[in-house]
Amino acid sequence: MEAERENVGVVGVGWVGLVTATCFAELGHRIFALDVNEEKVESLRRGEVTIHEPGLAELLKKNAERITFTTSMDEVLDSARLLFCCVDTPPTYSGDADLSRVRSVVEQLPEDSEHALVMKSTVPSGTGASIRRDKPDLHYVSCPEFLKEGSAIQDFMHPDRVVVGADAGSEDAADAVEALYAPLGGEIVRTDVASAEMIKLASNAFLATKISFINEIANVCEQTGADVTEVARGMGLDERIGASFLKAGIGYGGSCFPKDVSALKQLAGNSGYHFQLLNAVIEVNELQKRRVIAKLQKHLGSLVDKRIALLGLAFKPDTDDMREASSLVLSARLQGEGARVVAYDPVAEDSASTMLPGVEMAESAVVALEGADAIVTLMNRDGRQQTVRP
Ligand SMILES: NC(=O)c1ccc[n+]([C@@H]2O[C@H](COP(=O)([O-])OP(=O)(O)OC[C@H]3O[C@@H](n4cnc5c(N)ncnc54)[C@H](O)[C@@H]3O)[C@@H](O)[C@H]2O)c1
């Protein structure tokens, strides 16, 4: 089915926003993409992609004529009815989601019913209701994003499902969002706003739970002589369990899982419910990074002046995103034990070099390994893997 061409506004052109803008342009729509970061907007106007995401630079170039990058909200409001909000929602010190950027977008929207805000940023359940209490005439749709960095274009263009949450009064806007996604073929889950918001947080929390679960199984396997890779293979063939997210390793990181698990835990706590399981998921994940130190000490004794090579620094393959990467904690802990840390990542070397103080960045994996007492591989092509080779 050929979708009607729309003018679409995208607010915040980071990972989610830039992929959303580019993919909607690929579908033939005219995009007005806004960011507060003037430097980023300038780079994008020159056709320079600000993040590493496979296929993105090529697709952006192909559709450049259909995308206007701007710092002017007025330009976006004058041009588009649907505004996809893709700003970041980082954690606060308390672990709640920081909604200040979302609020600043909402504040700039007029009190009319001509525009609809489509929330792609991950926000706690209840956010949409609170926005609509402040701006009752604003049409509001929750359309959480499920793309994965490293395969974001593929995920956006071939979604498993598209969640479209709307409450009374915003049905037309929800229909328009559905129409935009219709050509992509994923199952549309039409629901209310609060449930749509919760689907996103619950999905990430569930995947994080799977990771912490298999990591605990791995830790038991190390004591009992079982091979966790075999165990995961045998478990994953059960269709009730599924094979994905059963790769034991150093734990989850990145810009989403840690903050979203914590945001759900805080959301539960703020509403009077103690989400016990998530406490364990978070604790297992924290301890998993530190277990590497004990493993190295088991083989090398004291780590003082030992040269440890870290291979793979971003939180997963095919991205340069270093947010909450396990390498941040691990390199700091290793240096705390007196080790000399040398590291290599073919994709994330620029971002990593500024974020890993004291770490020597090698120009190749071979150089990193020269003279190393141990190698810690933080990832491989199949996902996150952590092996220690003394
Ligand atoms: N990165 C992912 O893999 C992923 C996947 C699914 C969902 N999400 C969610 O999507 C949201 C965005 O994530 P991201 O990784 O793209 O973030 P990001 O940090 O890469 O990008 C956010 C962008 O928003 C811009 N911005 C901030 N305030 C703004 C404002 N008031 N007006 C205009 N622009 C503004 C920033 O300058 C930045 O360019 C988050 O809520 C995140 O949890 C992310």
Side-chain angles (χ1 to χ4, degrees), residues 9-23 32-44 48-54 56 69-77 80 83-92 96-109 117-125 127-128 131 142-156 159-163 196-197 199-205 207-208 252-264 267 314-325 351:
V10 174
V11 183
V13 280
W15 249 278
V16 169
L18 192 53
V19 169
T20 301
T22 308
C23 290
F32 294 83
L34 163 79
D35 205 288
V36 283
N37 183 331
E38 289 177 15
E39 224 174 288
K40 190 180 272 193
V41 169
E42 277 308 317
S43 302
L44 289 166
E48 293 163 15
V49 176
T50 40
I51 52 176
H52 177 91
E53 188 56 49
L56 183 58
F69 291 105
T70 180
T71 52
S72 159
M73 179 60 99
D74 286 343
E75 187 177 1
V76 178
L77 290 171
L83 307 181
F84 282 75
C85 179
C86 306
V87 299
D88 41 327
T89 49
T92 59
D96 292 280
D98 176 355
L99 297 178
S100 57
R101 294 153 185 81
V102 169
R103 294 266 171 219
S104 119
V105 172
V106 173
E107 275 163 22
Q108 296 172 65
L109 302 181
L117 186 65
V118 185
M119 189 58 65
K120 288 204 90 54
S121 298
T122 304
V123 295
S125 197
T127 304
I131 289 174
S142 169
C143 180
E145 182 52 59
F146 298 96
L147 63 77
K148 302 179 288 299
E149 289 180 21
S151 58
I153 301 279
Q154 171 73 14
D155 295 342
F156 192 98
D160 306 325
R161 79 303 208 186
V162 177
V163 175
E197 292 166 338
I199 287 170
K200 173 64 190 175
L201 285 183
S203 298
N204 275 2
L207 294 172
Y252 59 80
S255 66
C256 290
F257 281 9
K259 82 170 173 64
D260 292 349
V261 174
S262 164
L264 180 53
L267 175 68
F315 83 98
K316 64 185 288 194
D318 272 332
T319 182
D320 57 351
D321 195 347
M322 287 290 294
R323 290 178 285 188
E324 300 280 337
S351 41

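We count ligands from 1, going down the list as the structure has it; atoms in each ligand are counted the same way. Every heavy atom of this structure was used, including side-chain atoms; hydrogens, water molecules and symmetry mates were not.
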Would you sort out whether Asp318 and Ser151 count as a side chain to side chain contact (heavy atoms under 4.5 Å, CB included), showing the intermediate values? CA-CA 8 Å; Asp318 272 332; Ser151 58; over 6 Å; no
State the atoms of ligand 1, each with its element, that fall below the 4.0 Å cut-off from a heavy-atom position in [X].
X      : result
Ser255 : 1 (N)
Thr89  : 40 (C), 41 (O), 43 (O)
Cys86  : 12 (C), 22 (C)
Ser104 : 31 (N)
Arg323 : 15 (O), 17 (O), 18 (P), 19 (O), 20 (O)
Lys40  : 38 (C), 39 (O)
Val11  : 32 (N), 33 (C)

Nearest 0.5 Å please: distance from the CG atom of Leu264 over to the NZ atom of Lys259.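 It comes to 12.0 Å.
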Does any N or O in the side chain of Gln108 come within less than 3.5 Å of the main-chain N or O of Ser104, such that one atom is a donor and the other an acceptor?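 Flag set: sc Gln108 to bb Ser104 pair under 3.5 Å.
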Search all heavy atoms of Leu34 against all heavy atoms of Thr71 and return the closest pair with its distance.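 Smallest heavy-atom distance, with atoms named: CD1-C, 3.2 Å.
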Please find the pair of heavy atoms, one from Ala208 and one from Tyr252, that lie closest to each other, and give the distance.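 Shortest heavy-atom separation between Ala208 and Tyr252 comes out as CB-CE2, 3.6 Å.
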Please walk me through it: do Leu18 and Phe69 pass side chain to side chain contact (heavy atoms under 4.5 Å, CB included)? CA-CA 10 Å; Leu18 192 53; Phe69 291 105; 3.9 Å; yes
If we check side chain to side chain contact (heavy atoms under 4.5 Å, CB included) with Cys86, which of these qualifies: Val118, Val11, Val16?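 Single side chain to side chain contact (heavy atoms under 4.5 Å, CB included) partner of Cys86 among Val118, Val11, Val16: Val16.
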Can you pull out every salt bridge (charged side-chain N to carboxylate O under 4.0 Å, His left out) where at least one residue sits in residues 143-156? Sequence neighbours excluded, please.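 Passing the test, one end in residues 143-156: Lys120-Glu145, Lys148-Asp155, Glu149-Arg323.
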Nearest non-hydrogen protein atom, [atom]:
atom                    : answer
atom 37 (O) of ligand 1 : Asp35 OD1, 2.6 Å
atom 8 (N) of ligand 1  : Val16 CG2, 3.5 Å
atom 21 (O) of ligand 1 : Gly14 CA, 3.2 Å
atom 24 (O) of ligand 1 : Gly12 CA, 3.4 Å
atom 1 (N) of ligand 1  : Glu149 OE2, 2.8 Å
atom 20 (O) of ligand 1 : Trp15 N, 3.2 Å
atom 5 (C) of ligand 1  : Leu147 O, 3.5 Å
atom 11 (C) of ligand 1 : Val87 O, 3.3 Å

Taking heavy atoms and a distance under 4.0 Å, where does Cys256 meet ligand 1: side chain, backbone, both or neither?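 The answer is the side chain of Cys256.
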For the 3.5 Å polar cut-off, considering only N or O atoms, please tell me whether Thr122 and ligand 1 meet it.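 Yes, at least one N or O pair falls under 3.5 Å.
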Polar contact flag, side-chain donor to acceptor under 3.5 angstrom, Asp98-Ser100: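 Per modelled atom types, Asp98 and Ser100 side chains form a pair under 3.5 Å.
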Can a non-hydrogen atom of Lys148 be found less than 4.0 Å from any atom of ligand 1?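 Not so, Lys148 does not reach ligand 1.
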Quick one: ring-ring contact (aromatic ring centres under 6.0 Å, His included) partners of Phe32, sequence neighbours excluded?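 Per chain and number, Phe32 pairs via ring-ring contact (aromatic ring centres under 6.0 Å, His included) with no residue.
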Quick one, Thr22 with Phe156, criterion side chain to side chain contact (heavy atoms under 4.5 Å, CB included). Give me CA distance, side-chain angles, the key distance, then yes/no. CA-CA 10 Å; Thr22 308; Phe156 192 98; over 6 Å; no
Might you work through the side chain to side chain contact (heavy atoms under 4.5 Å, CB included) test for Lys200 and Val163, ending with a clear yes or no? CA-CA 9 Å; Lys200 173 64 190 175; Val163 175; over 6 Å; no
Considering Lys259, Glu53, Met73 one by one, which has a heavy atom nearer to atom 43 (O) of ligand 1 than any of the others?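 Minimum heavy-atom distance to atom 43 (O) of ligand 1 goes to Lys259.
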